[in-house]
Amino acid sequence: MKQLIEKYNIDCNFESQQAILYTNEDAKEKKLVLEAEAYQMLGIKGGHLVESIPFPIPMKKALVMENQAQFNPPLAFTKVIIDQLLKNNVKIFENTTAIDIDNNENTIVRTAKGYNVICKNVIVASQFPFYEGQAFYSTRMYPSRSYVLGFTSKNTYPGGMYLDIDQPKHSIRYAKHNGGEDVWLLGGESHKTGQYHKEDDDPYSSLMKYGSRYFSIKEWQYQWSAQDFTTLDKVPYIGVLNNKHPNIYVATGYRKWGMTNSIVAAQLLTDIITKTHNPFQQLYQPQRFHADPDLKKFISNNTNVAKEFIKGKIANKSHEQLEPNKATKTKIDGQTIGVFKDNNNHIHAVDTTCTHLGCECNWNQVELSWDCPCHGSRFSYDGKVIEGPATKDLKKIDYKI
Ligand code: FES
């Protein structure tokens with residue numbers, strides 16, 4: 001990444017920063033010490049333990065790693081890379097949802113609007129793979145959502161990228177933004193998609209409370225959320241989909257480390273397709289399955305999915321007193337219906353059965369969406385797909401209160 005930034009002179013705030021893991025728990029403190037010892041044994045330079053961090057957050061020990069990269073990927077970096085691709089005659093089709101692959105005589109990618117792409121090799125890099133080819137990704141990954149707040153502070157940012165290893169996790173870093181003041185980024189409050197502790201959980205308010213306790217806030221400026229998939233052993237699946245489809249490749253399960261893992265995927269898949277030796281091929285191989293701890297995780301993931309499947313089929317509460325900007329579920333002729341009342345008192349009713357594999361979606365009050373707890377599909381309040389694996393909207397229901 002650094003080489004690309006230098007080669008194309010990309011102005012994306014690339015800089016070297018310390019990355020710091022910290023904990024306030026005795027058991028985790030031991031983990032950090034073991035990690036530091038592992039660096040020494042392996043000859044990894046730049047790692048050392050410290051007793052404090054420059055924020056008033058309770059902590060017992062921190063592990064610092066020097067010389068880690070921080071940069072701004074979405075616009076500056078990606079824009080230059082896209083321009084280079086276009087110069088090399090790569091074609092990019094936006095708003096074209098790939099929904100399936102036929103892999104018989106030819107390999108054909110089918111799209112939602114009926115167009116086909118015939119190709120030699122296909123890389124499925126759609127976060128959750130839109131094509132599973134009997135590789136059963138739906139049973140080998142789980143989706144989670146996490147949240148970020150951007151704010152300015154009365155203090156100067158002290159440098160560093162921080163991540164606590166206790167629960168709930170929080171991360172802190174900063175970004176230079178449009179030549180203005182530094183924006184501090186506070187992330188955390190992750191949870192499995194479509195699964196909430198309480199009906200009115202508001203991760204942004206929880207983050208704000210945490211931020212106000214430990215930082216000198218000048219102004220809250222931004223908020224956004226992200227969705228990520230975690231594999232059974234927490235290492236991404238990157239490589240050939242399975243033996244039946246040697247010309248179809250997958251890259252998924254980045255577990256919030258997309259900036260790094262996407263570069264790994266690009267290098268690894270290039271090497272596999274051009275038949276160049278890459279020592280990491282085995283490590284990321286999507287077909288791997290380790291008996292332990294994979295098996296335990298595999299069972300707990302799928303028990304969780306099954307539970308959500310059954311639980312979701314039960315409607316929750318009365319809808320008669322529904323307030324504006326709120327949603328509930330109700331039952332008509334045995335069918336569960338999600339009902340949302342907007343601020344103009346218009347009712348939007350949908351069949352909350354997920355169009356991917358039939359789990360029941362749950363309401364997300366913070367983002368006003370119907371989220372599927374099984375594999376992370378999300379739909380707007382009126383049923384439109386926001387993110388897959390589902391490719392079809394929820395069915396609208398004609399319903400009046
Ligand atoms: Fe798979 Fe909903 S995302 S059933």
Side-chain angles (χ1 to χ4, degrees), residues 97-101 110-112 124-146 190-196 225-232 236-237 241-242 250-256 258 286 297-316 327-329 331 334-340 348-397:
T97 311
I99 53 171
D100 202 2
I101 299 176
R110 308 256 181 230
T111 70
V124 178
S126 51
Q127 201 176 40
F128 189 99
F130 71 88
Y131 177 75
E132 296 199 60
Q134 294 179 338
F136 302 111
Y137 290 97
S138 40
T139 62
R140 299 199 288 142
M141 296 200 296
Y142 71 84
S144 61
R145 298 194 67 64
S146 53
S190 297
H191 60 84
K192 284 193 173 175
T193 302
Q195 299 186 34
Y196 305 92
S225 63
Q227 181 146 309
D228 292 275
F229 286 86
T230 302
T231 68
L232 295 178
Y237 297 133
L241 187 75
N242 60 24
V250 72
T252 188
Y254 292 168
R255 193 181 165 235
K256 303 190 175 76
K297 272 264 173 209
F298 177 82
I299 292 167
S300 79
N301 267 3
N302 287 293
T303 313
N304 183 275
V305 167
K307 200 175 82 194
E308 286 302 327
F309 189 88
I310 296 159
K311 189 176 97 185
K313 295 290 171 196
I314 302 160
N316 38 29
T328 189
K329 288 185 186 175
K331 261 193 176 197
Q335 182 187 17
T336 306
I337 291 170
V339 183
F340 171 68
H348 305 268
V350 292
D351 177 348
T352 44
T353 306
C354 177
T355 55
H356 177 226
L357 294 176
C359 285
E360 189 70 29
C361 296
N362 291 327
W363 180 243
N364 172 346
Q365 181 61 41
V366 178
E367 301 174 287
L368 304 187
S369 57
W370 292 105
D371 297 355
C372 180
C374 289
H375 317 111
S377 291
R378 298 182 59 234
F379 306 86
S380 62
Y381 59 80
D382 56 353
K384 298 204 176 58
V385 175
I386 300 173
E387 55 186 294
T391 53
K392 284 196 194 114
D393 295 343
L394 297 178
K395 199 167 125 213
K396 286 193 186 211
I397 306 283

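Atoms within a ligand are numbered from 1 in the order they appear, just like the ligands themselves.
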Original post:
Do any of the N/O/S atoms of Cys359, backbone or side chain, fall under 2.8 Å from atom 2 (Fe) of ligand 1?
Top reply: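 No - counting backbone and side chain alike, Cys359 has no N, O or S atom under 2.8 Å.
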
Original post:
Looking at atom 2 (Fe) of ligand 1, is one of the N, O or S atoms of Cys361 less than 2.8 Å from it?
Top reply: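 Within the cut-off used here (under 2.8 Å), Cys361 places no N, O or S atom near atom 2 (Fe) of ligand 1.
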
Subject >> N, O or S atom within His375 nearest to atom 1 (Fe) of ligand 1, by name >> reply: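 This turns out to be ND1.
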
**OP:** Just say parallel, tilted or perpendicular for the rings of Phe340 and Tyr381, cut-offs at 30° and 60°.
**Re:**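 Judged by the thresholds at 30° and 60°, the geometry between Phe340 and Tyr381 is tilted.
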
Original post:
With a cut-off of 4.0 Å, which atoms of ligand 1 are near a heavy atom of His356?
Top reply: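 In order of numbering, the contacting atoms are 1 (Fe), 2 (Fe), 3 (S), 4 (S).
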
Original post:
Which atoms of ligand 1 sit under 4.0 Å from any heavy atom of Ser377?
Top reply: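 Numbered from 1, ligand 1 contributes 3 (S).
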
Subject >> Partner of Arg145 under side chain to side chain donor-acceptor pair (under 3.5 Å), chosen from His191, Gln227, Gln195 >> reply: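 Of the listed residues His191, Gln227, Gln195, the side chain to side chain donor-acceptor pair (under 3.5 Å) partner of Arg145 is Gln227.
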
**OP:** For Arg140 and Pro286, indicate whether the former's side chain and the latter's backbone hold a donor-acceptor pair under 3.5 Å.
**Re:**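 Confirmed, Arg140 side chain pairs with Pro286 backbone.
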
**OP:** Could you tell me whether a side-chain N or O of Asn362 sits under 3.5 Å from a main-chain N or O of Pro373, the two making a donor and an acceptor?
**Re:**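 Here the side-chain-to-backbone pair does not exist.
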
Original post:
Any N/O/S of Cys374 under 2.8 Å from atom 1 (Fe) of ligand 1?
Top reply: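 It does not; every qualifying atom lies at 2.8 Å or beyond.
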
Original post:
Going from OH on Tyr142 to NZ on Lys192, what distance comes out if it is rounded to the nearest 0.5 angstrom?
Top reply: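 Spacing of OH (Tyr142) from NZ (Lys192) equals 6.0 Å.
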
**OP:** To the nearest 0.5 Å, tell me how far Leu241 CG sits from Thr252 OG1.
**Re:**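 So the gap between those two atoms works out to 11.0 Å.
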
Subject >> Minimum-distance protein heavy atom relative to atom 4 (S) of ligand 1 >> reply: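 Ranking protein heavy atoms by distance from atom 4 (S) of ligand 1, first comes Leu357 N, 3.2 Å.
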
